[in-house]
Amino acid sequence: MHWLFKTEPGEFSIDDLEADGTARWDGIRNYQARNFLRDQVALGEGVFIYHSSCARPGIAGQAEVIKTAYPDPAQFDATSPYFDPKASGDDPRWFCVDIRWRATFAEVLPLARLKQLPALADMVLLKQGRLSVQPVTAEQWQVIEGLAE
DNA sequence: GCCAACGTTGGC
DNA sequence: GCCAACGTTGGC
């Protein structure tokens, strides 16, 4: 399986990931996204980094999974915006993974462009909004990589 | 800033 | 369990 992770570039962009090299993908507070992270995201899998809520929404680059799911520390940190008072160490509610930068596309692949391609019509990104961690099929991955060259 | 889509909360 | 109210996401 391949994946697509959304991020607001004003908070954390592909350029930040490239500069840092690796990142903890934390702060996921949606159950469907959590379940993908916790149950399915596997070591070494590819991840497209998608910029959302910005002037040019689209796929900005790719990364790979270097550590599979572990409890998101932010849920236990009362000073964090991602604090969850209902989570406990015995019963973590939220999970995160670690990723490593692989590539920054020469140009962000615009959402509008992705929408034009029949081969991508079934992408979760295009069929369902509001899901910040989502699967990408091998076929979709190949098509998008081809566009990014 | 608007607003559609959809997730979450909480009363019953 | 239903569903209305409310909150959030995210494109435009």
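Below, all heavy atoms of this structure are taken into account, side chains as well, without hydrogens, waters or symmetry copies. Below, chains carry the letters A, B, ... as their sequence lines are ordered, and counting in each starts from 1.
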- Can you list the other members of the hydrophobic cluster that holds A:Y82, where links are side-chain heavy atoms under 4.5 angstrom apart? none

- Query: What's in the same ILVMFWY side-chain cluster as A:L43, cut-off under 4.5 Å, chained through other members?
  - Reply: none

- Could you tell me which residues satisfy side-chain hydrogen bond (donor to acceptor under 3.5 Å, both in side chains) with A:Q134, sequence neighbours excluded, listed by chain and number? none

- Message: Reading DNA chain C from 5' to 3', where do the contacts with chain A start and stop? Cut-off is 4.0 Å to heavy atoms.
- Response: C:dG7 to C:dC12

- Checking all strands, does A:K115 fall into the base, sugar-phosphate, or nothing category for heavy-atom contacts under 4.0 angstrom? sugar-phosphate

Residue pairs fulfilling ring-ring contact (aromatic ring centres under 6.0 Å, His included) with at least one residue in [range], sequence neighbours excluded:
range	result
residues 89-111 of chain A	A:Y31-A:W94
residues 115-135 of chain A	none
residues 111-142 of chain A	A:H2-A:W141, A:F48-A:W141

- Query: Bend across the helix from B:dG1-C:dC12 to B:dC12-C:dG1, to 10°, with axes taken over 5 pairs at each end?
  - Reply: 10°

- Common cluster, A:L4/A:L17, ILVMFWY with side-chain heavy-atom separation under 4.5 Å: no

- Task: Give every residue pair that meets the salt bridge (Lys or Arg N to Asp or Glu O under 4.0 Å) criterion with at least one member in residues 93-108 of chain A, sequence neighbours excluded.
- Result: A:E64-A:R102, A:D84-A:R93

